[in-house]
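Only a predicted model underlies this, so the values are computations on that prediction, with no experimental measurement involved. For ligands, and for the atoms within them, numbers begin at 1 and follow the listed sequence.
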Amino acid sequence: MKRETFSSGLAVFFATLGSAVGLGNIWKFPYLTGQYGGGAFLAVYFLCILFVGLPVMLGEFYIGRKTRKNAVGALNQLKPGTSWKYIGIMGALSSYLIMFFYSCVAGWVYFYLFKAIKGDFAGITMAAAKTQFGEVIMGPLSPIVWQFIVMAVVASILAMGVKDGIEKITKTLMPLLFVLIIICDIRALTLPGAMEGINFLFQVDFSKLTAAAVLTALGLAFFKLSLGMGTMITYGSYFTQDNNLFGTATKVALSDTLVSLLAGIAIFPTVFSFGMEPSAGPGLLFMTIPLVFSQIPFGNVLLVAFFFLTSIAATTAMLSLVEVPLAYLNEERGVSRPKAAIINAVIIASIGILATLSVDKASLLGSYTFLGRGFFDWFDYISSNILLPVGGLLIAIFIGYIVKKEDIKREMSNNGKLNIDFVFNVYYFILRYVTPALLLIVFLNSIGIIKF
Ligand code: TRP
């Protein structure tokens with residue numbers, strides 16, 4: 001059977017953007033920018049995208065498209081019989097760890113969409129918004145049910161295949177996401193006092209910048225662009241042969257950042273306009289948006305639109321997360337796509353319950369902690385702070401020092417058809433010297449070996 005690819009450059013772009021855009025943009029980005037002081041954090045974030053994000057993304061695209069295999073098979077083909085394939089195996093493992101908690105938060109988003117449609121947030125007060133969020137995350141049964149629904153949706157799309165599943169869904173929903181977020185932005189920008197929020201987001205005040213903020217920005221850039229665990233290797237393996245890898249990486253990174261900014265523009269003016277704290281943490285999105293939208297004309301329609309677009313973002317990102325172990329099972333172990341989709345969904349949903357039941361100290365399993373962290377936090381910590389940066393570091397080393405330079409250049413220039421001499425040289429230099437150094441610093445810091 002012929003291996004599937006996406007059918008056009010546009011399909012490549014939307015699928016890859018669908019992976020990058022996710023809860024990272026709409027949930028993590030605003031609350032981290034809020035906590036770490038706005039504009040200055042943003043400026044550092046841009047630099048991280050440029051010097052770490054883009055180089056690793058291009059490296060992953062190269063590995064995938066050159067070999068046209070899943071992450072494990074790809075590395076095995078480039079360096080047969082070596083340990084490099086463990087990058088792929090580690091990737092599949094990180095994919096599960098991320099999915100355990102990601103599917104939980106996605107479940108809250110679906111639940112909020114359902115509640116918005118039902119009209120649960122009409123005329124809500126700040127206290128009530130907090131109580132509702134508490135009820136949603138505490139459950140104990142309902143968040144698990146929603147997590148299962150999320151996994152059923154993801155598995156069904158993946159079972160349909162690369163073209164009929166991933167490509168079709170992302171090509172339809174990503175443009176819709178843009179439209180919906182711009183509608184929410186227009187409303188937010190016309191609120192009284194909106195400018196204060198915009199100033200907060202864009203004013204660069206470097207005196208507020210801490211070492212922790214720099215490290216967080218780098219981690220976020222990585223998570224945002226879906227790097228370090230084989231997602232972009234796997235998607236790269238479905239790219240068309242004539243795709244310009246530099247072009248796609250740049251367009252995806254820019255558009256992803258644009259979506260983050262648009263999400264920030266929807267959230268911060270409303271936060272300020274209603275006198276709320278921009279540093280409220282992970283609950284920011286869930287507590288502020290319903291409150292704000294309940295108090296403006298057409299609020300409920302906008303609320304449904306907002307949680308619908310967030311569901312789209314979360315779902316298309318999860319497709320790419322689960323595609324990593326799915327493609328591995330399918331190609332290396334001979335499991336059919338539908339069967340592999342079901343197996344993965346069952347594994348994720350059943351272990352993911354542990355995350356869902358340990359979100360808060362008061363949750364059912366909240367008292368089961370190890371070194372101060374519960375299941376939810378461990379899944380997040382091990383994947384985001386250890387496996388992703390280590391995966392990214394190994395990929396940078398693999399591309400910069402193990403694979404032949406000519407080989408990479410040939411693939412990236414589409415066999416010499418594209419003139420990329422200058423960009424390629426700049427790229428290669430950054431990838432060899434700058435990217436690994438930055439990643440190493442972040443990793444050593446995140447596990448506490450060096451401290452700023
Ligand atoms: N980028 C997605 C987001 O911002 C999450 C994601 C999808 C991801 N695939 C990934 C993160 C692979 C790390 C690795 O929400």
For [X], the ligand 1 atoms whose distance to one of its heavy atoms is below 4.0 Å:
{"X": "Met229", "result": "12 (C), 14 (C)"}
{"X": "Gly24", "result": "3 (C), 4 (O), 15 (O)"}
{"X": "Ser320", "result": "7 (C), 9 (N)"}
{"X": "Ile98", "result": "13 (C)"}
{"X": "Leu388", "result": "13 (C)"}
{"X": "Ala20", "result": "1 (N), 2 (C), 3 (C), 4 (O)"}

With side chains defined as the heavy atoms from C-beta onward, is the minimum distance between [X] and [Y] less than 4.5 Å?
{"X": "Lys163", "Y": "Phe6", "answer": "no"}
{"X": "Gln132", "Y": "Lys115", "answer": "yes"}
{"X": "Leu189", "Y": "Ile198", "answer": "yes"}

### Task
Describe, in one word, how the ring planes of Phe223 and Tyr102 are oriented to each other, choosing from parallel (under 30°), tilted (30 to 60°) and perpendicular (over 60°).
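Correct class here is tilted.
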Residue, atom name and distance, where the atom is the protein heavy atom closest to [atom]:
{"atom": "atom 4 (O) of ligand 1", "result": "Lys224 NZ, 2.4 Å"}
{"atom": "atom 11 (C) of ligand 1", "result": "Phe223 O, 3.2 Å"}
{"atom": "atom 6 (C) of ligand 1", "result": "Ser226 OG, 3.6 Å"}
{"atom": "atom 15 (O) of ligand 1", "result": "Tyr102 OH, 2.5 Å"}

Under 3.5 Å, sequence neighbours excluded: what are the donor-acceptor pairs made by side chains of residues 369-378?
{"residue": "Trp378", "atom": "NE1", "partner": "Phe370", "partner atom": "O", "Å": "2.8"}
{"residue": "Trp378", "atom": "NE1", "partner": "Arg373", "partner atom": "O", "Å": "3.1"}

### Query
Passes side-chain hydrogen bond (donor to acceptor under 3.5 Å, both in side chains), Thr315 versus Tyr110? Steps please.
CA-CA 10 Å; Thr315 306; Tyr110 277 35; 2.7 Å; yes
Name each donor-acceptor pair under 3.5 Å that joins a side chain in residues 91-98 to protein atoms two or more places apart or in another chain, with its distance.
{"residue": "Ser94", "atom": "OG", "partner": "Met90", "partner atom": "O", "Å": "2.7"}
{"residue": "Ser95", "atom": "OG", "partner": "Leu321", "partner atom": "O", "Å": "2.8"}
{"residue": "Tyr96", "atom": "OH", "partner": "Asn344", "partner atom": "OD1", "Å": "2.5"}

